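Just so you know, these numbers come straight off a predicted model, no measurement behind them.
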Amino acid sequence: MKQLAPSILSADFICLGEQLKQLQKLCIHYLHIDVMDGMFVQSISFGMPVIAARSVRQSWKCSAPMMIEEPIRYVNALRQAGADGLTVHAEACADLPGTIAAIRESGAKPAVCLSPKTPLSKLDGILDQVDMVLIMGVEPGFGGQTLIWETLEKVKQLHKIRKEQGLFFKIEIDGGVTKENARAVAACGVDIVVAGTAVFRGDIEENIHVLQEEINTEGQNAS
């Protein structure tokens with residue numbers, strides 16, 4: 001079963017606690033918490049205090065995509081705050097294998113992310129070292145963008161590589177997912193679908209039900 005991971009970057013921060021309780025009641029078990037430093041991307045978002053909040057640590061598995069320059073600097077702090085998985089952008093690491101090793105040593109699950117224009121060849125030699133690969137469907141840094149459809153071809157290629165090489169990393173996609181395109185996105189071979197605006201804009205309960213149904217429609221096959 002494919003997993004839906006709400007991105008709280010699109011939540012209403014004034015009532016974030018209430019919305020998180022609503023997600024819990026809807027049996028959402030996985031949160032996507034973007035950590036941005038204002039350098040790798042222009043935005044500044046969440047840090048350790050949000051991840052360390054009791055309600056977050058006790059209720060969900062938390063993935064923390066690190067949209068920051070040289071993320072190895074914050075691996076231990078984010079892990080200690082409670083992040084279960086740490087995702088680094090390949091473009092932001094001077095030593096990508098070393099950063100992945102540091103994440104593993106911290107006790108978190110290491111993952112690597114590629115921006116839309118970065119080729120899969122950037123991951124040569126490390127796919128057997130990560131638990132997940134995150135493909136950005138939009139340019140990183142802001143929620144509410146439109147899906148770049150060409151990125152789905154990258155997902156399909158990655159799915160094919162995984163099968164051919166007998167690897168076991170999960171594939172996640174983030175950016176531009178809507179109720180209208182979620183089925184097509186999921187059909188490319190992803191395991192985890194991140195959605196922000198599509199979850200939090202409007203009726204959250206209805207949005208989640210529709211998205212979960214769309215991404216888990218039977219008969220989907222990655223080409």
Tell me every residue that passes salt bridge (charged side-chain N to carboxylate O under 4.0 Å, His left out) with D131, counting only those two or more places apart in sequence or in another chain.
R104
Side-chain donor/acceptor of T178 to backbone N/O of N181, under 3.5 Å
yes
Quick check: does any side chain N or O of N207 sit under 3.5 Å from a backbone N or O of D203, one acting as donor and the other as acceptor?
yes
Mark yes or no for whether R162, through its side chain, and G189, through its backbone, hold a donor-acceptor pair below 3.5 Å.
yes
What residues, two or more places apart in sequence or in another chain, satisfy side-chain contact (heavy atoms from CB on, under 4.5 Å) together with D95?
P97
Look at the side chain of D174 and the backbone N and O of M136, then say whether any donor-acceptor pair between them is shorter than 3.5 Å.
no
M36 side, atom CE; I68 side, atom CD1 - distance, nearest 0.5 Å:
11.5 Å
May I ask whether V190 and W149 are part of the same hydrophobic cluster, defined by side-chain heavy atoms of I, L, V, M, F, W, Y residues being less than 4.5 angstrom apart, directly or through others?
yes
Under a 3.5 Å distance rule, please check whether E18 uses its side chain to pair with a backbone N or O of I14 as donor and acceptor.
no
Please name all residues satisfying side-chain contact (heavy atoms from CB on, under 4.5 Å) with A102, sequence neighbours left out, ordered by chain then number.
I72
So, does H32 use its side chain to make a donor-acceptor pair with the main chain of Y30 at under 3.5 Å?
no
Can you list every pair that meets ring pair (Phe, Tyr, Trp, His ring centres under 6.0 Å) and has a residue in residues 81-112, with sequence neighbours left out?
F40-H89
Holding to side-chain contact (heavy atoms from CB on, under 4.5 Å), I want the full list of residues that pass it with I148, two or more places apart in sequence or in another chain.
P116, E150, T151
Could you tell me whether the side chain of E172 and the main chain of V194 form a donor-acceptor pair under 3.5 Å?
no
Checking D37 side chain against E69 main chain: does a donor-acceptor pair fall under 3.5 Å?
yes
So CD of Q19 and CD1 of I204: to nearest 0.5 Å the spacing works out to 4.0 Å
For E180, does its backbone N or O pair with a side-chain atom of E214 as donor and acceptor, under 3.5 Å?
no
Return yes if some donor-acceptor pair links the side-chain N/O of S106 with the main-chain N/O of V75 below 3.5 Å, else return no.
no
With sequence neighbours excluded, residues passing side-chain contact (heavy atoms from CB on, under 4.5 Å) with L120
L114, L123, I135, K154, Q157, L158, I161
Do L31 and L23 pass the side chain to side chain contact (heavy atoms under 4.5 Å, CB included) test, and can you show the C-alpha distance, the side-chain angles, and the key distance before you say yes or no?
CA-CA 9 Å; L31 282 184; L23 294 182; 3.8 Å; yes
